[in-house]
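Data first, discussion second: the structure below is written as structure tokens.
We count residues from 1, following the sequence as given.
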Amino acid sequence: MRRFRRTRQTIHRSLRLIETSGRVIDAAERFAARRPTRAARKYERVSGCLDEASMQLSSAIRALTVTALKIARSPAEAADARPLLLEATARWAGAA
């Protein structure tokens, strides 16, 4: 259960980073012609945020894969975990 919670949190953090990046890009586009240096710094920040989001999503899919393998090995013991796995996988797919 803890693994699901951590994985959901990781996916949520990556979604926030992606959303923030979108807002920063929109803002930078508005003033890029007037302040190109500032816009370039903002784009550099976005690049770092998207890189972090990508690493978090990679971590989340590894955790989901390990969990799916554990469920496959002991399906009777993990019956209540399947809906959580499906929900977490759907969230990951929406973020990726």
**OP:** Apply side-chain contact (heavy atoms from CB on, under 4.5 Å) to T89 and list each qualifying residue two or more places apart in sequence or on a separate chain.
**Re:** L64, L85
Expected list for residues 15-44: side-chain donor-acceptor pairs under 3.5 angstrom, two or more places apart:
unit_1: R16; atom_1: NH1; unit_2: H12; atom_2: NE2; d: 3.3
unit_1: T20; atom_1: OG1; unit_2: R16; atom_2: O; d: 2.9
unit_1: T20; atom_1: OG1; unit_2: R23; atom_2: NH2; d: 3.3
unit_1: S21; atom_1: OG; unit_2: L17; atom_2: O; d: 2.8
unit_1: R34; atom_1: NH1; unit_2: R30; atom_2: O; d: 3.3

Subject >> Residue pairs involving residues 86-96 (criterion salt bridge (Lys or Arg N to Asp or Glu O under 4.0 Å); sequence neighbours excluded) >> reply: R8-E87, E87-R91
Original post:
For L57, does its backbone N or O pair with a side-chain atom of W92 as donor and acceptor, under 3.5 Å?
Top reply: yes
Subject >> All pairs passing side chain to side chain donor-acceptor pair (under 3.5 Å) where residues 52-64 contributes a residue, at least two apart >> reply: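 Matches after skipping sequence neighbours: E52-Q56.
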Subject >> Residue list, side chain to side chain donor-acceptor pair (under 3.5 Å) with S14, at least two apart or on another chain >> reply: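 Applying side chain to side chain donor-acceptor pair (under 3.5 Å) to S14 gives none.
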